[in-house]
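To start, the structure under review is shown below, and the notes come after it.
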Amino acid sequence: MARQNTTRLTGSNTAPSPYELVLGDELDALHPRLRAYFDGIPDGSTGVGSGVFERVGTPRLWLWPVLWLLEREGVLFPVWSARVPFTVRNCPVIDAAGNTAVLASREFRFSARRPFGRDREMTDAITAERGRLVDHLGTQRRYAARLRAEVVDGELHLVSTRVSVRFGRFAIPIPTSIAPVVRLVERFDAKSGLQHVSVVVESPRLGRLYEYAGSFSYSVVPGAW
C-alpha cells in the first residue's frame with residue numbers, strides 16, 4: 001500500500017506484533033492457531049489468508065451515500081452480499097510516528113452478476129500506541145478506533161472505546177453518545193480447521209450499521225506483497 005505512510009520491515013528478524021506489545025502473556029490464552037496469527041510476522045514476509053465471508057455490508061440503503069464516500073478511501077463499501085470470496089494480506093511495518101504496526105489489505109471479490117459487483121479493497125493498520133491498540137482505517141488513515149482487547153475462551157475480542165476523525169494534523173474524537181462501536185471476534189474452529197472472524201459496527205441509537213463475517217485459512221509466506 002504505497003499510499004500508506006509506512007516503512008516495511010526487510011531484515012531477517014521477527015519483531016513483536018502490536019498485539020504482543022500490548023497484551024503480552026495474555027495472548028498465550030488464545031487457541032494455538034490464533035496465537036500464531038497474532039504473533040509477529042518475520043521481516044520480509046507476508047501473512048496471507050483466503051476464504052469466504054458469509055455476509056458483507058448492510059441492508060440499510062439510507063447509509064449507502066455515506067458508504068460511497070468511505071469506499072473511496074478503502075474503509076467500508078455500499079453493499080449487502082452473501083458468500084463473498086476474499087483474500088487478506090498482513091505485513092509488518094513501522095508507521096510514520098515510529099509505531100510498530102501490521103498493515104492489512106482485504107480484497108473482496110463481489111460477484112459481477114450482482115449490482116455494483118466488482119472487486120473492492122479494505123485497508124487498515126493496527127498499531128501499538130502508548131500501551132494501547134489503535135486501528136487506523138483507510139488508505140489515508142483518516143479514521144482511527146482505539147481498541148480494548150480481551151481473550152475469552154481462546155478467542156480474541158476487540159471493541160472500540162474511542163473513534164476519531166483526522167482533519168489535517170488534528171484528530172477529533174467523535175462523542176461517545178453518537179460514535180459507532182466496532183466489535184471484532186477472532187476464533188479458530190478445530191472441526192473445520194478454519195479461522196473465523198466477525199466484525200460488527202453498531203450505533204448506540206440505531207443498532208447494527210454494518211457487518212462482515214466468515215472463515216479463512218492462513219499462513220505466513222516469504223516475500224512482501
Side-chain angles (χ1 to χ4, degrees), residues 19 34 49 51-86 88 104-111 114-127 132-167 171-189 194-216:
Y19 302 96
L34 280 184
V52 175
F53 284 126
E54 295 300 326
R55 57 192 181 276
V56 177
T58 177
R60 297 187 172 193
L61 299 183
W62 57 269
L63 281 171
W64 283 27
V66 175
L67 296 174
W68 280 111
L69 298 176
L70 294 175
E71 179 181 21
R72 297 174 63 182
E73 295 190 21
V75 180
L76 298 174
F77 321 121
V79 296
W80 181 235
S81 294
R83 301 292 299 171
V84 179
F86 74 96
V88 58
S105 166
R106 297 170 187 82
E107 181 183 4
F108 296 71
R109 296 185 293 279
F110 294 99
S111 172
R114 307 201 51 161
F116 313 111
R118 64 180 185 276
D119 293 353
R120 291 172 168 89
E121 189 173 28
M122 181 183 292
T123 302
D124 73 320
I126 294 279
T127 62
R132 295 186 290 253
L133 290 172
V134 180
D135 193 6
H136 295 273
L137 305 165
T139 55
Q140 304 302 317
R141 299 185 64 165
R142 191 184 313 277
Y143 311 95
R146 183 185 297 172
L147 302 172
R148 182 178 68 244
E150 183 180 13
V151 178
V152 180
D153 296 328
E155 306 172 350
L156 184 65
H157 292 228
L158 300 173
V159 60
S160 62
T161 59
R162 191 182 81 159
V163 176
S164 60
V165 181
R166 180 174 53 80
F167 297 95
I172 309 301
I174 300 175
T176 55
S177 60
I178 60 172
V181 178
V182 182
R183 301 182 188 277
L184 180 147
V185 177
E186 295 265 8
R187 64 181 179 87
F188 185 81
D189 179 48
L194 296 174
Q195 187 168 327
H196 290 252
V197 59
S198 171
V199 176
V200 174
V201 182
E202 299 174 322
S203 163
R205 299 182 179 181
L206 301 174
R208 183 166 299 192
L209 301 177
Y210 203 91
E211 63 182 297
Y212 60 89
S215 57
F216 61 102

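Hydrogens, waters and symmetry mates are skipped; everything else that's a heavy atom, side chains included, is used.
Asp189 is not listed as a side-chain neighbour of Leu194, based on a closest heavy-atom distance of 4.5 Å or more. Proximity of Val182 to Val199: side-chain heavy atoms (C-beta onward) are separated by under 4.5 Å at one or more points. Counting only heavy atoms from C-beta outward, the side chains of Leu61 and Trp80 never approach each other to under 4.5 Å. Between His196 and Glu186 the shortest side-chain heavy-atom distance does not fall below 4.5 Å. Contact annotation: the side chain of Leu206 approaches that of Arg60 to within less than 4.5 Å [non-hydrogen atoms, C-beta and beyond].
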Quiz prompt | Stepwise side-chain contact (heavy atoms from CB on, under 4.5 Å) check, Thr127 with Leu133 | solution = CA-CA 6 Å; Thr127 62; Leu133 290 172; over 6 Å; no
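Taking all atoms of both residues into account, the shortest heavy-atom contact from Ala179 to Pro204 is O-CD, 3.3 Å. The shortest non-hydrogen separation linking Tyr143 to Glu73 is CE1-OE1, 3.9 Å. Glu155 and Leu34 make their closest contact through CA-CD1, 4.1 Å (heavy atoms, listed as atom of the first residue, atom of the second, distance). For the residue pair Ile174 and Pro180, the shortest heavy atom distance occurs at CD1-CD, 4.5 Å. Across Ser177 and Arg205, no two heavy atoms sit closer than the pair O-NE, 3.9 Å. Looking at every heavy atom in both residues, Met122 comes nearest to Leu76 through CE-CD2, 4.1 Å.
Here the rule is side-chain contact (heavy atoms from CB on, under 4.5 Å) with Asp124, and of Thr139, Leu137, Val75 only Leu137 fits it. Test Val159, Leu147, Val201 against Arg183 for side-chain contact (heavy atoms from CB on, under 4.5 Å) and you get one pass: Val159. Each of Phe108, Tyr210, Tyr212 was evaluated against Val79; a single residue qualifies, Tyr210, per the side-chain contact (heavy atoms from CB on, under 4.5 Å) test.
Taken from OG in Ser198 to CZ in Arg55, the straight-line distance is 6.0 Å, to the nearest 0.5 Å. Atom CG in Leu158 sits 7.0 Å away from atom CD1 in Ile126 (nearest 0.5 Å). Atom CZ of residue Arg146 and atom OG of residue Ser160 lie 11.0 Å apart, to the nearest 0.5 angstrom. Put simply, CG on Leu67 and CZ on Arg72 are 14.0 Å apart, with the number rounded to the nearest 0.5 Å. In this structure, OG on Ser164 lies 8.0 Å from NE2 on His136, to the nearest 0.5 angstrom.
Although no hydrogens or angles enter the test, the distance criterion places a donor-acceptor pair under 3.5 Å between the side chain of Arg166 and the main chain of Gln140. Formation of a donor-acceptor pair under 3.5 Å by the Thr58 side chain with backbone atoms of Leu209 is found in this model.
Under the 30°/60° scheme for interplanar angles, the aromatic rings of Phe216 and Phe86 are found to stand perpendicular.
Salt bridge annotation for Arg106-Glu121: absent, with no cationic side-chain nitrogen under 4.0 angstrom from a carboxylate oxygen. Using a 4.0 Å cut-off between charged nitrogen and carboxylate oxygen, Arg118 and Glu71 count as a salt-bridge pair.
Arg148 CZ: 12 or fewer foreign heavy atoms inside a 6.0 Å radius.
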